[in-house]
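Below is one structure; the comments refer to it alone.
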Amino acid sequence: MTPQSIPRSRRPLARFLFWSVLLGAALLAAVIVSSGLGFVPIGPGDVGRILAARLLDDPSRLAGMDPLLPAVVLDVRLPRILTAAAVGAALALSGTVFQGILRNPLADPYTLGVSAGAAFGAAVALLLNIGALGQFSVPLFAFGGAGATLAAVIYLSASGGGFSSNNLILSGVIVAAILAAALSFLKYLADEQVSVIVFWLMGSFAAKTWPDAGLTLATAIGGLLAALYFARDLNLLALGERSAASLGVDTGRLTLILLGAASLMAAVCVSVSGIIGFVGLLVPHMMRALAGPDHRGLLPLAALAGALLMLAADTLTRAVLPSEVPIGVLTALIGGPVFCVIFRRRQMAAIGGA
Amino acid sequence: MSFRIENLSFAYGTRTVLEGLDFALEAGRFYGLVGPNGCGKSTLLDLLAGHRRPAHGRILYRQQPIESHGRRRLSRELALVPQDFYINFPFRVEEVVMMGRYPHLGRFARAGVADWQRVDAAMARTGIAAFRGRLVSELSGGERQRVVIARALAQDAAWLFLDEATSNLDVNHALAVLGQVRRSVRQEGKTAVAVLQDLNLAALFCDELLLLKQGRLVTAGPTAEVLTAANIRRLFEVDARVARDPESGSRHVVFRVAP
């Protein structure tokens with residue numbers, strides 16, 4: 001490849017548009033197809049009619065259809081589908097932001113232990129029956145757990161000015177192990193509510209409702225907008241803190257705001273659907289390889305790809321596999337080995353360069 | 001367009017790094033900052049660039065305390081080339097150089113033709129145009145350092161702070177890069193403040209030297225007056241002979257070691 005073969009400035013935008021249109025269309029198709037998959041199969045045409053009737057408020061489009069079908073799609077499947085897509089998007093965004101702020105491609109809410117912290121906080125709120133804050137008490141306790149865990153992990157791994165990959169991941173794994181033990185202890189204490197804790201440890205989108213979908217969608221969209229506002233600063237931070245500061249970035253404020261936003265996204269996801277690992281880690285990786293590391297394009301693409309992947313995985317376990325495998329188990333079974341490959345490659349690269 | 005530093009002190013926690021510095025920097029000169037490892041040179045550059053606040057004393061830039069200038073304005077006028085530069089993400093060379101234009105562009109603005117012209121010029125001057133499309137993560141240390149210098153040139157700031165920016169470069173590229181910096185000083189009226197470990201490079205390029213030891217200013221002045229065997233001994237505790245090259249007129253330093 002000669003240097004001149006890369007026409008500058010135009011290419012990143014074209015690449016971004018190509019992937020965003022492709023992923024957007026794939027996501028839309030996945031929503032429609034997966035709405036038809038399940039115990040009662042429904043064709044994509046009928047799904048389209050049901051959606052059109054609902055969106056256009058035009059019941060005549062349902063003429064001649066089994067009245068059960070709209071209820072299956074609108075009340076059972078769609079809330080779960082949209083929740084899965086929103087959680088996938090929010091986890092991918094959270095991972096992208098963690099990786100950008102910590103300048104570490106192995107960071108994500110799962111490897112940093114933030115998800116486990118959120119699950120612990122949520123379990124405490126639920127078991128102690130803390131209802132003082134109404135329906136938000138579980139997500140708020142999850143956020144508290146996530147924030148405290150993140151602070152502990154950063155404190156453990158900080159050395160000098162930066163975070164080495166290995167320190168950060170090691171600290172995250174240690175803290176997550178302690179939290180998993182604490183969760184198991186809560187499980188032991190919980191008696192009747194054991195199933196809730198187990199659900200948090202493995203993750204699930206079963207029986208999700210429209211309020212769940214609304215909360216996670218609002219979180220994903222809010223998180224995307226916040227991260228996009230700081231996308232250019234994230235690019236500069238990749239050059240190191242001194243360079244970023246010299247280019248006008250208030251690095252302290254940026255770090256605080258974005259770590260808070262990423263933890264909040266992870267906490268809401270965990271409080272709704274439990275611990276689901278590896279999506280936040282792998283999606284930013286794949287999108288960086290496909291469309292480049294510029295956060296202005298990477299963030300929206302990661303959100304789309306995260307939504308698509310999570311929806312595909314949830315549909316796989318809900319409608320394709322003979323029995324429902326917990327989604328967290330599925331993503332770990334698929335994502336874990338991929339993580340191993342990336343980790344090994346980075347270790348080899350570190351021997352060669354750096 | 002100048003810096004005045006008055007009774008400046010700085011400490012990391014209880015460890016004092018800089019103490020009682022008083023000096024002024026005039027625009028349009030090439031300054032060299034010389035001293036042993038750990039004498040506070042990098043910290044001084046961070047203070048001058050406005051990234052850190054003095055513990056005591058003050059830094060006046062354009063007659064105003066530096067912290068009274070907005071972050072964004074400073075980022076258009078002061079550029080810093082850090083010593084170590086490692087990037088974990090696969091940005092292309094030209095993308096990194098373009099980041100030097102961010103302070104001049106609105107948060108959501110796209111780079112215009114003029115910005116790309118500055119990026120092209122900066123890449124041409126540092127000799128990296130040939131690999132503009134390569135990933136910075138794949139470059140050698142010296143190539144990467146030239147990319148960072150190009151990024152700072154693209155920033156088009158009036159002041160250029162270089163923190164051992166040529167430490168990874170071979171002599172050919174070090175001379176070329178510092179030559180470009182000197183050209184900016186001479187022809188474009190910029191000011192450079194460079195931390196240099198190589199005394200011969202300092203002798204060759206700097207108009208004035210500031211000698212720093214253990215956080216204090218030992219002496220400062222025109223290179224010809226300050227770069228003496230006695231000062232080198234005070235600073236580094238080594239024996240050296242400083243001679244004048246009859247052809248170029250610049251000084252050079254030869255070290256002597258015990259046999």
Side-chain angles (χ1 to χ4, degrees), chain A residues 1-13 96 99-100 102-107 161-165 228-253 284-285 288-289 291-296 298 346 349-350 352-354, chain B residues 42 45-46 49-52 70-76 78-96 98-103 105 107-111 113 115-116 119-120 129-141 148 151-152 155 157 161 163:
Chain A
M1 180 169 59
T2 63
Q4 268 64 37
S5 72
I6 299 147
R8 57 162 200 250
S9 78
R10 302 266 174 262
R11 207 177 105 140
L13 185 68
T96 311
Q99 293 179 9
L102 300 171
R103 270 164 280 153
N104 188 323
L106 295 181
F163 310 94
S164 86
S165 278
L228 268 181
Y229 182 78
F230 293 109
R232 210 176 67 168
D233 296 345
L234 276 174
N235 288 347
L236 294 181
L237 202 58
L239 304 179
E241 242 169 89
R242 289 180 84 197
S243 295
S246 144
L247 289 161
V249 179
D250 187 341
T251 52
R253 193 181 68 124
H285 248 280
R288 236 180 252 123
D294 188 326
H295 287 87
R296 291 171 290 189
L298 178 63
R346 282 180 51 77
Chain B
S42 297
L45 284 191
D46 278 346
H51 302 169
R52 297 180 189 279
R71 213 169 251 285
R72 194 174 155 92
R73 171 167 177 193
L74 288 183
S75 70
R76 289 192 198 131
L78 315 175
L80 174 78
V81 180
Q83 184 178 0
D84 39 14
F85 171 76
Y86 184 71
I87 188 159
N88 252 335
F89 298 119
F91 281 102
R92 293 186 186 283
V93 167
E94 60 180 9
E95 286 180 295
V96 171
M98 179 49 95
M99 289 184 199
R101 299 303 302 161
Y102 283 9
L105 290 164
R107 189 172 278 279
F108 301 107
R110 273 176 58 73
V113 177
D115 296 302
W116 278 112
V119 167
D120 287 346
F131 47 87
R132 62 184 305 151
R134 274 174 64 195
L135 304 180
V136 273
S137 40
E138 292 169 354
L139 301 182
S140 75
V148 191
R151 191 226 76 213
Q155 200 172 339
F161 300 119
D163 192 357

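In what follows, every chain begins at residue 1, and chains take the letters A, B, ... in the order their sequences are listed. Computed from a predicted structure; not experimentally measured.
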Side chain of [X], backbone of [Y]: donor and acceptor closer than 3.5 Å?
X: B/Gln155; Y: A/Ser246; answer: yes
X: A/Arg232; Y: B/Phe108; answer: no
X: A/Arg103; Y: B/Ile87; answer: no

Other residues, nucleotides, ligands: >12 heavy atoms within 6.0 Å of B/Arg73 CZ =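 It does: B/Arg73 CZ has more than 12 such atoms within range.
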
message = Does the plane of the ring in A/His295 sit parallel, tilted or perpendicular to the ring in B/Phe91? Use 30° and 60° as the thresholds.
response =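 Rings of A/His295 and B/Phe91: tilted, as their planes differ by 30° to 60°.
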
ask   = CG of B/Leu45 to CZ of A/Arg242: how many Å apart, nearest 0.5 Å?
value = 6.5 Å

query = What's the spacing between A/Glu241 CD and B/His51 NE2 if we round to 0.5 Å?
reply =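 Reported to 0.5 Å precision, the distance equals 10.5 Å.
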
inquiry  = I need the minimum non-hydrogen distance between A/Asn235 and B/Met99, along with the two atoms involved.
reply    = O-SD, 3.7 Å

request  = For A/Arg296 and B/Ala109, work out which heavy atoms get closest and say how close.
outcome  =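 It is NH1-O, 4.4 Å.
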
key: Among the listed options B/Gly70, B/Ser75, B/Gly141, the residue most often paired with chain A at heavy-atom distances under 4.5 Å   = B/Ser75

note = Turns out that what part of B/Arg151 lies under 4.5 Å from chain A's heavy atoms comes down to side chain

request  = Go through the atoms of B/Leu135 and report whether side chain, backbone, both or neither lie under 4.5 Å from a heavy atom of chain A.
outcome  =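 When you check distances to chain A, no heavy atom of B/Leu135 falls under 4.5 Å.
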
key: Toward chain B, the part of A/Asp250 with a non-hydrogen atom under 4.5 Å   =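 Both the backbone and the side chain of A/Asp250 come within 4.5 Å of chain B.
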
